[in-house]
Amino acid sequence: AVPFEGATIQMLNEIDCGNTSDFTNAKTFIPIGNRTNSFQGTFDGNNNTITGLYINQTTDYAGLFGYVSNAEDVSNAEIKNLKMQNCKVVGASYVGNFVGYANGGIISNCSAEGIEVSGASYYVGGIVGQVSGTATITNCYNTGSVSGSYSSVGGIVGYVQGTATITNCYNTGSVSSTSFVSNVGGIVGGVQGRATITNCYNEGWVSGKQYLGGIVGYINVGTATITNCYNTGSVRGNKFVGGIVGYVPRYGEATITNCYNEGRVSGNNN
């Protein structure tokens with residue numbers, strides 16, 4: 001059975017998951033939805049807060065929702081009006097505070113405050129790990145740390161493979177990768193599909209080895225349209241480092257309009 005296909009779930013109260021200062025003995029939460037049975041409904045947080053959620057797994061698809069996809073001939077999957085505070089999410093690939101992997105869907109009015117998101121592999125984001133299909137992310141922000149051991153780490157979205165429209169979102173937390181090919185961005189780590197990023201900004205520290213940008217790290221065989229965005233955070237790495245975009249190869253495409261950088265940009269090459 002598909003979890004909540006086309007159904008609407010409302011959160012009626014605040015949820016306190018326990019001690020937020022020490023997760024040593026905490027039990028891990030099992031994400032809602034996976035690759036086999038994705039979440040295909042609507043979750044409305046009613047502006048309530050989930051505090052102290054702990055997810056610690058060595059497998060892919062880590063987040064409050066592990067795998068989200070649109071319901072066939074029913075509706076778009078949707079997550080909205082939800083706050084998450086002092087939460088910790090650990091996984092392999094496709095790791096995000098709200099959604100690990102979004103195959104389409106709508107995420108709106110969601111915030112991650114004081115959280116810690118980390119991935120042992122690819123595609124890690126403060127809100128969503130990876131976007132495929134067609135997804136919309138609006139009025140979302142992250143203030144916590146986001147880190148990955150490999151490539152494609154973003155303050156909002158780690159990796160865009162499909163089509164993502166990201167509007168009125170911001171990041172103030174640190175975003176980093178220890179990988180040689182990092183692909184780290186204050187808003188989006190890497191783009192291989194099509195990303196439209198409008199009215200977004202980053203104030204967090206962006207760091208890694210290569211392909212680092214205050215807004216987008218790397219546009220690879222994809223297209224990014226970046227409008228009315230700015231960065232004030234420090235962007236530091238070895239090479240291909242930019243205040244707005246780190247690197248656009250000849251087979252990528254970027255249109256950048258009305259954007260500016262005030263953050264310190266430092267590197268050894270490019």
Side-chain angles (χ1 to χ4, degrees), residues 60 62-63 91-97 99-102 117-132 135 137 142 145-164 166 169 171 173-197 200 202 204-226 229 231 233-254 256 259 261 263 265-270:
D60 297 342
S93 294
Y94 313 110
V95 183
N97 197 69
V99 179
Y101 186 99
V117 179
S118 62
S121 193
Y122 301 91
Y123 318 130
V124 185
I127 303 297
V128 182
Q130 176 170 315
V131 169
S132 294
I137 302 169
N142 170 58
S145 67
V146 184
S147 62
S149 297
Y150 288 91
S151 66
S152 301
V153 183
I156 301 298
V157 178
Y159 194 63
V160 175
Q161 190 176 41
T163 300
I166 303 170
C169 295
N171 172 70
S174 64
V175 189
S176 63
S177 171
T178 57
S179 173
F180 178 73
V181 180
S182 300
N183 301 353
V184 182
I187 301 298
V188 176
V191 177
Q192 189 173 352
R194 181 179 297 274
T196 301
I197 304 170
C200 295
N202 173 66
W205 178 25
V206 177
S207 63
K209 305 294 185 181
Q210 298 185 73
Y211 313 123
L212 315 169
I215 301 299
V216 178
Y218 187 24
I219 302 169
N220 177 26
V221 198
T223 302
T225 301
I226 305 170
C229 295
N231 172 66
S234 173
V235 186
R236 300 181 180 181
N238 182 29
K239 63 180 180 178
F240 304 113
V241 186
I244 301 298
V245 176
Y247 186 60
V248 185
R250 62 182 181 179
Y251 36 78
E253 181 180 342
I256 303 171
C259 296
N261 172 66
V265 179
S266 59
N268 296 317
N269 295 287
N270 308 108

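Hydrogens, waters and symmetry mates play no part in the numbers below; they use all other heavy atoms, side chains included.
- Taking all atoms of both residues into account, the shortest heavy-atom contact from I215 to C229 is CD1-CB, 4.1 Å.
- A donor-acceptor pair under 3.5 Å links the side-chain atoms of S93 to the main chain of Y122, judged by distance alone.
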Check step by step if side-chain contact (heavy atoms from CB on, under 4.5 Å) holds for I137 and V131. CA-CA 10 Å; I137 302 169; V131 169; 4.3 Å; yes
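- Under the 4.5 Å side-chain criterion, counting only non-hydrogen atoms from C-beta, Y251 is in contact with N220.
- Atom OH of Y94 and atom OG of S132 lie 7.5 Å apart (nearest 0.5 Å).
- At least one donor-acceptor pair under 3.5 Å links the side chain of S182 to the backbone N or O of K209.
- Shortest non-hydrogen contact noted between G125 and V117 is O-CG1, 3.8 Å.
- Shortest non-hydrogen contact noted between V153 and S177 is CG2-CB, 4.1 Å.
- Residues satisfying the side-chain contact (heavy atoms from CB on, under 4.5 Å) criterion with A195, sequence neighbours excluded, are V160, V191, I197.
- In plain terms, the two heavy atoms of N97 and G126 that are nearest each other are CB-O, 3.0 Å.
- Considering OG1 of T163 and CZ of R194, their distance stands at 6.5 Å, rounded to 0.5 Å.
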Donor-acceptor pairs under 3.5 angstrom involving side-chain atoms of residues 236-249: please list them, not counting sequence neighbours.
from, atom 1, to, atom 2, distance (Å)
R236, NE, S234, OG, 2.9
N238, OD1, N268, ND2, 2.8

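- Closest non-hydrogen pair, A224 versus I219, comes out as CB-CD1, 3.5 Å.
- Residues satisfying the side-chain contact (heavy atoms from CB on, under 4.5 Å) test with N231, not counting sequence neighbours, are N202, V235, N261.
- Annotation for S151 and N183: closest pair CB-ND2, 3.9 Å, computed over non-hydrogen atoms.
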